[in-house]
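These notes are about the structure you will find just below.
Since this is a predicted model, take the numbers as computed values, not measurements. All ligand and atom numbering here is 1-based and tracks the order in the structure.
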Amino acid sequence: MVNGRFSAVKEAFQRESVMAVSPAKETSSYYGCSVFNRETMRKYLSSETRGVVYESIERGATLDKSVAEHVAAGMKRWAMDMGATHYTHWFQPLTGGTAEKHDSFAEPHKHGTSLEEFSGSRLCQQEPDASSFPSGGLRNTFEARGYTAWDPSSPAFILGDCLCIPTVFISYTGDALDYKTPLMRSVSAAKEAASDILKYFGMGDTEVCSYLGWEQEYFLVDSALYAQRPDLILSDRTLLGHDSARNQQLDDHYFGSIPPRVMEFMRDLEFEGYKLGIPLKTRHNEVAPNQFEIAPVFEDMNLAVDHNLLLMSIMRSVADRHRFKVLFHEKPFKGINGSGKHCNWSLGTADGIGLLSPGKTDEENLRFLAFMANVLKAVYDNNGLLKASISSSSNAHRLGANEAPPAIISSFLGMQVTAAFEELLSTKDMVKIKDKTGYSIGIPQIPELLVDNTDRNRTSPFAFTGNRFEFRAVGASANCASPMTVLNTVVAYQLKQFKKAVDRRTAAGDPVMKAVLDETRETYRACKDICFDGNGYSEEWKAEAKRRGLDTETSVPVIFDRFTAAETVKIYKDTGVLSEIELRARNEVSWEHYSKKIDIESRVLSDLAYNHIIPVATRYQNILLDNVLKCKQLFSEKEFGQYSSQEVQQIKEMAGHIDEARLMADNMDKMCDDFSELEGREMAVAYHDRLVPYIEGIREHLDALEMIVDDQMWPLPKYRELLFIR
Ligand code: ADP
Ligand code: MG
């Protein structure tokens, strides 16, 4: 009999490629066609309405009711022209993904007829039955309600037959229940604080934007094989599986030629992404087998986050069409690289001046150094909080492994910027430039940065890459809004402190540029311990980081404490991003989520041990036993000792692994039952400290059995089958 695994593998390998999607036309002819963008608005909204909407998008002005009615009418007509029959408020609850509840445009009318309707109030606000979304106690199920409210700055789009309207999700009392609300508040805080600094440079009216360019890594697995891995289906990662003899050791996958079946998936995905106006730019193979990356051009942060979530959701459906499953888990396979989502972050003006880009003049370079110093100080003061923003049960497997950033946040600046800062420390004053108004800051090498700033350090979690910082510690499955909110918030707060200090200096009589220069120098001096250009994987760095006072905690539930530390509460209150109540509620959600994830993993693993692996291993052990018994009958005692001792040894080894796995799974199950008495932080800490080691321990025994048991009998697809797409 051919066992299940074998037939599925064969089916997967023999399958012919699916659906060659080749959009006949050039990308520009359909780019953004499913988005209610400015071009579409020109067709469906009056110029007067458009003017108000643009104002709202650009300046955050509130739309009044009558304008909302006009927009809703235009949007409905467009959506119906596009074949949509339903609409939904599309939001980002604290579960991590996105949520949508579709309502039909059709409303019953007189005499058994119906009419398509969509009013301004439906566009602006909805009350989804949101009692099941996590709120951390902010919204008692039967009391306070949850509302979604339209975010005009992120354009509506059509997915399938549904008009999707990006919204924030807040409680009756106005508390944030989602990721978008604090993100938008943090973007405003950063804008305001950065604009205030620009006034020193005579750029008083300049609009500042916070930009994000993400790089999404992911794995693809054949659907037929995936369907036979309960661990992948239920816990998004393999909980057992022995190394494949070949994995990434030949370094032959990174930037290698993309397998044809995957290429078809990518083309189809890009086609769908372009229709939704996602500016996809880069695609390539990643380091591990079956691992890939897709990245767009950076955008305004709020939109970039929406686009990432949208892309992740279409990736799942497009993958289905190509009989793949896409894995966003940070460590789906043991022993090979996991997946991150580098978040390239910068501040810039709306008209294209990068505030983290060196300039051509002294004044521009002082501006560059001032913003850089402030970012570094914010990261230094809040390195533990930034780590909390990217911590999760799944990313914990990736951080600290020798492939991803270590679980200590530090920053890499590169040689030139470091040299510029060091020189700044030694310069006393600005030099007046002869015959010109203005000052020289006396750091001549900065303009060279423009030419060559390419040195890289892949172990750094927060690396400067020429005109932006690349936050590499972010996990592939995360909502970028979580780390980006923290980054905007702490930078906004730091810029405010900087402004106060500069103003104190000018009040004492310093010229403005001198005050900015001196304060930049002191800011950098106070935080230079965050800079580390060496090997982040080394043991020495762990000790050194501790000495420098950086956060070296590795327990995720404990790392979350940073969100409610007094300093964090102060910063979030000062910038208006989240109240203490909101911060506390979020931590409750994070702890609960952590415990649930580990609980699911432990249940899946124990099921796999009891119902899949142990029975099969026992059956194989029986075959060996049977053989040994027969040998004993047939062979002389001497021959038996000579020929069967290895086999007897193997039986004993199997018995040991089976017994240990069973015992540990038993204990683990009991522990889960005991933990159900606990709550919140205490529960998460218990799961982390006491249960996680069991998940690892049981796996070792099951993986050892995989190497002994007959391949034909093994009930799960193995790593070598899962990891090499044909
Ligand atoms: P790499 O893999 O070399 O780091 P990629 O080209 O894959 O680089 O991705 C870099 C990302 O950074 C892209 O999304 C790009 O648009 C984005 N990016 C470039 N400049 C900026 C900037 N000033 N601010 C934010 N993101 C940026
Ligand atoms: Mg990168």
Side-chain angles (χ1 to χ4, degrees), residues 183 186-187 190-191 194 198 206-218 253-256 258 266 269-270 273-274 277-288 291-312 315 337-359 364 367-368 371-372 374-375 379 403-405 411-414 417 449-450 452-476 478 480-481 483-485 487-488 491:
L183 178 78
S186 78
V187 168
K191 270 184 184 189
L198 287 183
T206 320
E207 170 100 10
V208 177
C209 300
S210 183
Y211 292 112
L212 165 64
W214 42 263
E215 302 164 52
Q216 178 72 57
E217 293 180 346
Y218 61 98
H253 195 254
Y254 191 56
F255 285 9
I258 299 169
M266 286 182 174
L269 175 64
E270 283 166 0
Y274 289 144
I278 306 175
L280 299 170
K281 187 81 179 166
T282 307
R283 61 185 183 206
H284 61 82
N285 284 6
E286 258 304 326
V287 171
Q291 193 189 25
F292 307 93
E293 177 179 307
I294 184 162
V297 175
F298 68 98
E299 296 178 280
D300 209 56
M301 185 167 288
N302 181 35
L303 188 58
V305 168
D306 284 359
H307 277 167
N308 178 244
L309 290 166
L310 183 54
L311 188 80
M312 286 169 82
M315 277 170 91
N337 276 20
S339 300
K341 177 151 52 197
H342 296 175
C343 286
N344 293 271
W345 171 91
S346 73
L347 292 173
T349 66
D351 43 15
I353 301 170
L355 300 182
L356 302 176
S357 304
E364 284 170 1
R367 187 183 71 210
F368 163 68
F371 276 98
M372 288 291 285
N374 278 292
V375 173
V379 173
E403 47 157 270
S411 184
F412 168 83
L413 288 183
V417 180
L449 295 173
L450 285 172
D452 184 17
N453 186 30
T454 52
D455 54 338
R456 295 218 160 194
N457 176 333
R458 301 209 71 84
T459 71
S460 179
F462 193 74
F464 181 65
T465 53
N467 59 356
R468 61 191 186 269
F469 278 93
E470 185 170 348
F471 196 6
R472 300 207 184 106
V474 185
C480 310
M484 292 300 99
T485 300
L487 197 51
N488 288 332
V491 169

Indicate, as side chain, backbone, both or neither, the part of [X] found under 4.0 angstrom from ligand 1 when only non-hydrogen atoms are considered.
X      : value
Ser357 : neither
Glu470 : side chain
Glu293 : side chain

**Report entry** Trace of the side-chain contact (heavy atoms from CB on, under 4.5 Å) decision for Tyr218 with Glu286
**Finding:** CA-CA 9 Å; Tyr218 61 98; Glu286 258 304 326; over 6 Å; no

Show which atoms of ligand 1 fall inside a sub-4.0 Å distance from at least one heavy-atom site of [X].
X      : value
Gly213 : 14 (O), 26 (N)
Pro296 : 13 (C), 14 (O), 16 (O)
Val297 : 16 (O)

Requested in this report: List the atom of Ala476, the atom of Met312, and the distance in Å for their closest heavy-atom pair.
Outcome: O-CE, 3.7 Å

Query - Minimum heavy-atom distance between Phe368 and Pro358, given as atom pair plus value - result: CD1-N, 3.6 Å

Query raised in the report: Is ligand 1 less than 4.0 angstrom away from at least one heavy atom of Gly354?
Result: no

Requested in this report: Give the C-alpha distance, both sets of side-chain angles, the deciding distance and a yes or no for side-chain contact (heavy atoms from CB on, under 4.5 Å) between Trp345 and Leu212.
Outcome: CA-CA 5 Å; Trp345 171 91; Leu212 165 64; 5.5 Å; no

Report task. Please name all residues satisfying ring-ring contact (aromatic ring centres under 6.0 Å, His included) with Phe371, sequence neighbours left out, ordered by chain then number. Result -> none

Report summary line: side chain to side chain contact (heavy atoms under 4.5 Å, CB included) filter on Phe298, not counting sequence neighbours, yields Tyr211

Query raised in the report: For Lys341 and Cys480, what are the C-alpha separation, side-chain angles and deciding distance, and is it a side-chain contact (heavy atoms from CB on, under 4.5 Å)?
Result: CA-CA 8 Å; Lys341 177 151 52 197; Cys480 310; 3.9 Å; yes

Query raised in the report: Evaluating non-hydrogen atoms only, which member of Ser210, Cys209, Ser346, Gly352 is closest to atom 24 (N) of ligand 1?
Result: Ser346

Hey, is ligand 1 close enough to [X] that some N/O pair sits below 3.5 Å?
X      : result
Trp345 : no
Asn344 : yes
Phe298 : yes

Query raised in the report: Taking the six-membered ring for Trp, are Phe462 and Phe469 parallel (under 30°), tilted (30 to 60°) or perpendicular (over 60°)?
Result: parallel

